[in-house]
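Please read all numbers here as calculations on a predicted model, not as lab measurements.
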Amino acid sequence: MPADTRKYRSAKAYGKIDRDGFIHRSWMKNQGLPDDVFDGRPVIGICNTWSELAPCHGHLRELAEHVKRGVWEAGGLPLEFPAMALGETQMRPTAMLFRNLLAMEVEESIRANPIDGVVLLGGCDKTTPGQLMGAASVDLPTIVVSAGPMLNGTFKGRQIGSGTDVWRFSEDVRAGAMSMEDFLAAEAGMSRSSGTCMTMGTASTIASLIEAMGLCLPDNAALPAVDARRRTLAHLSGRRIVELVRADVRLSQIATRAAFENAILMHAAIGGSTNAVIHLLALAGRLGVPLALEDFDAIGRTTPLLVNLMPSGAFLMEDFCYAGGVGAVLKALGPALRADAVTVCGRTIGDIAAAAACYNDQVIGTRDRPFGPSSGVWVLGGNLCPQGAIIKPSAATPALLRHEGRAVVFEDIEDYKARLDDPDLPIDERSVMVLKGCGPKGYPGMPEVGNMALPAKLLNRGVRDLLRISDARMSGTAFGAVILHVAPESEAGGPLGLVETGDVIRFDGPARRLDLLVEDRTLASRRQNWRPTQKRPSRGWAKLYVDTVQQADKGCDLDFLAGASGAEVERESH
Ligand code: FES
C-alpha cells in the first residue's frame with residue numbers, strides 16, 4: 001500500500017490510507033491501473049479539446065497518446081480529460097462567446113481533480129487562450145502542446161491560405177473575377193490535412209506567442225500538425241511536465257511580465273492577429289501581470305515585420321517551419337528580446353534564440369532587411385474610442401492610414417447585410433464604413449465581422465479597401481484598413497453608438513487618433529435619446545456573459561474571473 005507521506009498535490013487523494021483514499025483509488029483501478037501507480041508519483045492531467053466539431057483538433061487524441069508515453073517514461077501517471085472544444089468555423093454566434101466558458105471549465109477541472117501538472121492540447125483560435133486562462137487561475141506546472149498548422153493549401157497550381165484566400169475569393173466572386181464553380185472547388189484544397197489555419201491567423205499567432213513566452217517546447221508553433229516531429233514534441237512535453245512538477249515550476253513563474261513583453265515583440269514581428277491583443281490582456285489579468293492595451297503599441301512600435309506570411313505577406317506556416325520558425329524570429333529580434341526570461345524547457349529564451357537559425361530569408365527576415373515597417377498594432381485614442389481601439393497597419397492599404405471621410409453607418413449586422421448592396425447606399429471610395437452592435441455585449445461575443453465586405457458596386461469599380469470601424473473583432477487571416485475593438489462598444493453606451501450616416505470621421509494613424517468631428521452639444525443631444533438596441537439574452541451562459549463581460553481593453557474576461565483562486569481545495573467529497 002502507498003505510504004501516507006506524499007509531497008505532491010495528488011497525494012491528498014491517492015495517498016490517503018483511509019476510506020477517502022480507497023474511494024479515490026478504487027474507481028480509478030477500474031481502468032486497469034495497477035496499485036503502484038498511486039505511489040506518490042506526479043499525476044499529469046492532459047486537457048484535451050479533441051472534437052469532431054473542432055476540425056482543427058481532429059488529431060489530438062493521437063497526440064495525447066504521445067504525451068502519455070512521455071509521462072509514463074518519466075515516472076508520472078498521465079490522466080487525460082476533455083474540455084470544451086471551440087471550433088472557430090462551426091460555432092454560432094461566435095466561438096469567442098465561449099472562450100471564458102472554456103476557461104471556467106478548465107480552471108475547475110484542474111482544481112477539482114487530483115493532478116499535479118497539466119498539458120494543454122488545443123490550437124484552434126480561442127482554445128489555447130481559454131485553456132491557459134483557466135490554468136493560470138489554478139497555477140500548476142503547465143505545458144502547451146499545440147495542434148500545429150495544416151499543410152499548405154493548394155488550388156490550381158498555386159498556394160492558398162486558410163481564411164485569407166476565402167476573403168479574397170469571395171470578393172472576386174462578387175466582383176465577377178472568379179466563378180462560383182471555382183470558388184467551391186477551392187474548399188478541399190484549402191484544408192487538406194489535420195491542424196489549424198496555416199496562415200499567420202489567430203491560431204498560428206497564439207502558438208507563436210506561447211512559444212515566445214516559453215510556455216511550450218521549442219518549435220511547437222510551426223511544426224505541421226501531421227509532421228512526425230510534432231508527435232515527438234508531444235512525447236518530450238510529456239517527459240518535461242513531470243520534471244516541472246518535481247521542480248515545482250508553476251505557470252506564473254514562466255508567464256511573467258518579461259514573457260508578455262517577448263510575446264508582444266513576437267506579435268509585431270510576425271504581423272500577428274489582432275485577436276491576440278484581447279487574449280494576452282485576459283491572460284495577464286488572470287495572472288496579475290500588469291499589462292495595458294497601450295503596451296502593445298509602445299513595446300511593439302520599433303519592431304518591423306520580420307515574417308513574410310499571409311495575411312501580411314506571401315508564405316504559409318509550412319514554409320515558416322522549414323525556414324526556422326519562431327526560434328529564427330527570436331534570434332532576429334536581437335537585443336530587444338528579454339533574453340533572461342525562463343521557459344518550460346529549462347533554458348532561457350535568449351539561449352533558445354542563440355541556438356536558432358534562419359534557413360530561408362524569403363520567409364524570415366532581419367531587422368536590417370524586414371518585410372515591412374513597424375507592424376504590430378496601433379492603439380488608438382480619441383473621442384470615438386475613449387477606452388481604445390486598434391488597427392493592424394501591416395494589413396491595411398497605406399493610403400488609408402491617415403484618412404477623413406463621411407460615415408456610412410450600419411446599426412447592426414442585420415442592417416449591414418440588408419443594405420450592403422443596396423444601389424442607393426450613399427457610399428464611395430472616401431466613405432468610412434461604421435458597424436455597431438458587434439461588441440462583447442452587443443452581439444453577444446464580439447464576432448469576427450469587423451472586416452466588412454465592401455459593396456459590390458465599389459468592388460466592380462476596382463475598390464479593394466475602405467476604412468472600416470466597429471466594436472467587433474476580425475479574423476486573424478483577414479486584411480484591410482479595419483479599426484477594431486472600439487471601446488466602450490456601442491451597446492455599452494460608447495460614442496460609437498452615437499455616430500450617424502454623414503458624420504465626418506478623422507483617422508490619423510501616425511498620431512494614433514480616431515475622432516468623430518461632431519459638435520459636443522450635438523453628441524450630448526444624441527446621447528439623451530440613445531437606448532441599447534440589441535436583444536439581451538434572458539438566461540443561461542449568454543446572460544451571465546453579457547451581464548459580466550468586460551470591454552476589449554480588459555481582454556473581454558468576465559469581471560468575476562479576473563485573478564486566481566489557486567490550487568487548494570479544503571474539503572473532501574464524501
Ligand atoms: Fe481552427 Fe482557424 S479555424 S485555427
Side-chain angles (χ1 to χ4, degrees), residues 56 88-89 91 93-96 124-126 149-150 153 159-175 178 183 186 190-191 196-206 208 267-268 270-279 305 307-317 372 375-378 389-398 400-401 410 413 416-417 420 432-435 438-439 443 445-455 458-459 463-486 509 552:
C56 308
E88 183 68 26
T89 54
M91 299 186 86
T94 165
M96 182 63 180
C124 192
D125 294 16
K126 316 298 177 291
M150 289 187 258
Q159 294 205 334
I160 58 172
S162 312
T164 302
D165 277 302
V166 180
W167 317 125
R168 281 202 189 114
F169 290 167
S170 137
E171 303 256 292
D172 285 348
V173 169
R174 296 179 66 238
M178 184 180 200
F183 180 72
M190 183 166 286
S191 309
T196 49
C197 293
M198 85 313 262
T199 41
M200 189 51 84
T202 303
S204 297
T205 297
I206 295 292
S208 300
H267 185 256
I270 62 179
S273 162
T274 46
N275 289 318
V277 176
I278 290 180
H279 299 318
L305 184 65
V307 168
N308 187 14
L309 256 64
M310 291 186 205
S312 297
F315 291 93
L316 296 167
M317 284 300 285
S375 66
V377 291
W378 289 352
I390 63 171
I391 185 170
K392 179 177 173 179
S394 64
T397 303
L400 289 171
L401 292 173
F410 302 100
I413 195 72
Y416 160 75
K417 287 180 178 173
L420 176 64
V432 179
M433 295 173 78
V434 175
L435 177 61
C438 294
Y443 202 76
M446 205 180 179
E448 295 183 340
V449 297
N451 54 314
M452 292 167 262
L454 307 188
L458 293 187
L459 291 172
V463 178
R464 285 292 183 272
D465 202 0
L466 279 190
L467 187 62
R468 290 160 267 182
I469 301 172
S470 73
D471 45 16
R473 298 176 298 116
M474 78 171 177
S475 165
T477 61
F479 48 87
V482 184
I483 295 175
L484 302 154
H485 308 183
V486 168

- Item | Separation between SG of Cys438 and CE of Met452, rounded to the nearest 0.5 Å | 8.0 Å

- Donor-acceptor pair, Asn451 side chain versus Ala478 backbone, under 3.5 Å? no

- Message: With a 3.5 Å distance limit and no angle check, can you tell me whether Lys392 reaches the backbone of Phe479 through a side-chain donor-acceptor pair?
- Response: no

- Go through the steps for Val449 and Tyr416 under the test side chain to side chain contact (heavy atoms under 4.5 Å, CB included), then give the verdict. CA-CA 10 Å; Val449 297; Tyr416 160 75; over 6 Å; no

- How many angstroms lie between CG in Leu309 and OG1 in Thr199, if you round to the nearest 0.5 Å? 8.0 Å

- Backbone N or O of Ser273 within a donor-acceptor pair of the His267 side chain at under 3.5 Å? yes

- Measure the CG-OG1 distance between Asp125 and Thr89 for me, rounded to the nearest 0.5 Å. 9.0 Å

- Message: Is any side-chain heavy atom of Trp378 closer than 4.5 Å to one of Leu401?
- Response: yes

- Message: Run the side chain to side chain contact (heavy atoms under 4.5 Å, CB included) test on His485 and Val377 for me, step by step, so that the C-alpha distance in whole Å, both residues' side-chain angles and the decisive distance to 0.1 Å come before the verdict.
- Response: CA-CA 12 Å; His485 308 183; Val377 291; over 6 Å; no

- Heavy atoms, side chains only, cut-off 4.5 Å: are Leu454 and Glu171 in contact? yes

- Query: Taking the side chain from Thr274 and the backbone from Arg473, do they hold a donor-acceptor pair closer than 3.5 Å?
  - Reply: no

- Query: Of the non-hydrogen atoms in Val166 and Phe183, which two are nearest, and what is the gap between them?
  - Reply: O-CE1, 4.2 Å

- Task: State, with a plain yes or no, whether a side-chain heavy atom of Ser162 is found less than 4.5 Å away from one of Met150.
- Result: yes

- What heavy-atom pair brings Val463 and Leu459 nearest, and what distance separates the two atoms? O-CD2, 3.5 Å

- Query: For the atom pair CG (Asp465) and OG1 (Thr397), what is the distance rounded to the nearest 0.5 Å?
  - Reply: 3.0 Å

- Is there a donor-acceptor pair closer than 3.5 Å between any side-chain N or O of Asn308 and the backbone N or O of Ala314? yes

- Item | Sub-4.5 Å side-chain heavy-atom contact between Leu467 and Met433 | no

- If every non-hydrogen atom of Ser470 is compared with every non-hydrogen atom of Gly450, which pair is closest and at what distance? OG-CA, 3.6 Å

- Which heavy atom in Cys197 sits nearest to a heavy atom in Pro149, and how many Å separate them? O-CB, 4.1 Å

- Task: Carefully, step by step, assess Ile278 and Met446 under the rule side chain to side chain contact (heavy atoms under 4.5 Å, CB included).
- Result: CA-CA 11 Å; Ile278 290 180; Met446 205 180 179; 3.8 Å; yes

- Task: Determine whether Ser475 and Trp167 make a side-chain contact, defined as any pair of heavy atoms from C-beta on separated by less than 4.5 Å.
- Result: yes

- Closest heavy-atom pair, Ile483 versus Ala389, reported as atoms and distance to 0.1 Å, is CG2-CB, 4.0 Å

- Message: The test is side chain to side chain contact (heavy atoms under 4.5 Å, CB included); show your working for Glu88 and Thr202 and say whether it passes.
- Response: CA-CA 10 Å; Glu88 183 68 26; Thr202 303; over 6 Å; no

- Task: Over all heavy atoms of both residues, which pair between Pro311 and Gly476 is shortest? Give the atoms and the distance, please.
- Result: CG-O, 3.3 Å

- For the atom pair CG (Leu316) and CE (Met200), what is the distance rounded to the nearest 0.5 Å? 10.5 Å

- Interatomic distance, Met178 atom CE to Arg168 atom CZ [nearest 0.5 angstrom]: 12.0 Å

- Message: Less than 4.5 Å apart, side chain to side chain, heavy atoms only: is that true for Asn275 and Thr205?
- Response: no

- Message: Do Arg468 and Met474 make a side-chain contact, defined as non-hydrogen atoms from C-beta onward lying under 4.5 Å apart?
- Response: no

